[in-house]
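By convention in this document, chain letters (A, B, ...) are assigned in the order of the sequence lines, proteins followed by strands, and residues within each chain are numbered from 1.
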Number of protein chains: 2
Amino acid sequence: MIKVAVVDDKAINRQSVRERISMASGMQLHFLADNGSSFLEKMKTCAASGDFPDVVLMDIDMPVMNGIAAVNIAKELYPKVDFLMLTVFDDDEKIFEAIKSGASGYLLKEESMEKLAEAILQVKEFGAVAMSPIVARKAMMMLSRNEQPQNPDLAKNARDEYNLTDREIDILKGMVEGLDYRQIGERLFVSPHTVRTHIGNIYKKLHVCSKVDAVKIAIKRQWF
Amino acid sequence: MIKVAVVDDKAINRQSVRERISMASGMQLHFLADNGSSFLEKMKTCAASGDFPDVVLMDIDMPVMNGIAAVNIAKELYPKVDFLMLTVFDDDEKIFEAIKSGASGYLLKEESMEKLAEAILQVKEFGAVAMSPIVARKAMMMLSRNEQPQNPDLAKNARDEYNLTDREIDILKGMVEGLDYRQIGERLFVSPHTVRTHIGNIYKKLHVCSKVDAVKIAIKRQWF
DNA sequence: TTTAAAATACGCCATTTGTCGTATTGTAGG
DNA sequence: CCTACAATACGACAAATGGCGTATTTTAAA
């Protein structure tokens, strides 16, 4: 029987994951926590009885202490416990951070119960790593990028990774150059309104909500 | 209906994979080849009719031309075709080579039919990447091992080049992380007014007049 | 000790940005 | 032919930003 702990700040998510675990055979819920800090507290309690969870499902974005920081600390203190990061977005930076902090897997929350249970079993039984396919793709891209710092077709990556359209890439380029809506519009011979619409769409695709964050992604990927 | 091609030098393996594909719904066998070179030949034939396979299951160790070399060439010629490497061993070097050559996945041959079918579907439907858990583990280890070259004193560069003060560097750091005035103020325990003053000074020193431009400089110089 | 720099804090105001909507047109694919 | 998507365009409103002041306190250097 695999003992599973769940850490998430949203009660709904905790409930959801809890249900999925109770339905799966071979595993039982050990405890719940609502952020990294309270998780570490509960682990201390466990230390008293020596009754630790085997696997921890850890959300990333949480108040007080986020999941990555928590794993970083917890992996030091309890190296035998495995951590699976559960998150909504496939944020490259966070995947990387999570892996470095010692997480054994990185799954998207949308993953089905079967997948979740399978991942937990695999991690415990075979010491394998669990990754959602989308995450695996990012990981592979990161790997291949690191070895080939120069990418021949830059704009192509933007399209491939985030499904940006040609026009959206034009707009993003303008943003990276520090232009405002009006200036981008002038350059592309469209109204600033159109530019704003495109930018809104870009934000959705990149999972960001500000110019700075969008430009950061573009620059870090060396798109332009 | 997903068209699948199979490339393997062992007749037994071809037969095995062929059977597994014919049993899966939603996909059909397109052609077989026994090494990378003959695969490329058959692809040329396909070009005549425009009837390419959607996904190619490619063995790695093959005589005449190995799978990685074949993928390398084929990905250039037929970028829309996806390649899944199928192999017996989880050889680190080869995983790496395969990823670089443009493979969309790396599966162990022992993988069950369901897994295989699932991987093919995922690759075609979502553009995701398929990896056997063991392979994923290797990939993650490669990722976490490769520590990016850290600059010993990052902030020092900022001070030297632009005479930014310690506090200004703190503020800029917040800006790079996408925080707004209020959030930066909270983090540093000062009022948002103070933050604005500092930002104004930063702009003067960096010779910019917007957040995006300031963040761009910070990122390009790899200050944080 | 005087001086300069750094860090702190506030107000005002125009501009920019982010987020809602809605809506029309063209075009490629089923 | 119909549908989905891309690209275009507009309006309204709240929030954030940039630029202009001024001003006090602390610290370090001359």
Checking all strands, does A/T197 fall into the base, sugar-phosphate, or nothing category for heavy-atom contacts under 4.0 angstrom?
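Base, at least one base atom sits under 4.0 Å.
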Any [X] side-chain nitrogen or oxygen under 4.0 Å from OP1 or OP2 of [N]:
| X | N | result |
| --- | --- | --- |
| B/S210 | D/dT17 | no |
| A/Y181 | C/dG18 | yes |
| B/H193 | C/dT8 | no |
| B/Y203 | D/dT17 | no |
| A/T194 | D/dA9 | yes |
| A/S191 | D/dC10 | yes |

Upstream residue (5' side of DNA chain C) when B/H198 and A/G200 are each assigned their closest nucleotide:
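The residue closer to the strand's 5' end, by nearest nucleotide, is B/H198.
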Could you check which of C/dT17, D/dG18, C/dT8 has an atom nearest any side-chain atom of B/V190?
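Taking heavy atoms from C-beta onward, the closest nucleotide is C/dT8.
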Of the nucleotides C/dA9, D/dT8, C/dT19, which one has an atom closest to the side chain of A/R196?
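The listed nucleotide nearest to A/R196's side chain is C/dT19.
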Could you tell me whether B/E177 and B/K173 make a salt bridge, using a distance below 4.0 angstrom between a side-chain N and a carboxylate O?
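Result for this pair is no, no salt bridge flagged.
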Taking only Lys NZ, Arg NE, NH1 and NH2, and the carboxylate oxygens of Asp or Glu, determine whether B/R187 and B/D170 approach each other closer than 4.0 Å.
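Not counted as a salt bridge, because no side-chain N and carboxylate O are separated by less than 4.0 Å.
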Just how far, in rounded Å, is [atom2] of [N] from [atom1] of [X]?
| X | N | atom1 | atom2 | value |
| --- | --- | --- | --- | --- |
| A/R187 | D/dA7 | CZ | P | 17 Å |
| B/R167 | D/dT27 | CZ | P | 13 Å |
| B/I184 | C/dA7 | CD1 | P | 15 Å |
| A/I202 | C/dG18 | CD1 | P | 11 Å |
| B/D213 | C/dT16 | CG | P | 14 Å |
| B/K211 | D/dG19 | NZ | C1' | 16 Å |
| A/D166 | D/dA6 | CG | P | 10 Å |
| A/N201 | C/dA23 | CG | P | 17 Å |

According to the interplanar angle, ranging from 0 to 90°, do the rings of B/F31 and B/F39 count as parallel (below 30°), tilted (30 to 60°) or perpendicular (above 60°)?
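Aromatic pair B/F31/B/F39 classed tilted.
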For a side-chain contact (heavy atoms from CB on, under 4.5 Å) with A/I184, tell me which candidate from A/T194, A/V190, A/L179 qualifies.
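Looking at A/T194, A/V190, A/L179, the match for A/I184 under the side-chain contact (heavy atoms from CB on, under 4.5 Å) is A/L179.
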If you measure from NE2 on A/H198 to CG on A/L172, what distance do you get to the nearest 0.5 Å?
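Atom-to-atom, A/H198:NE2 and A/L172:CG are 12.5 Å apart.
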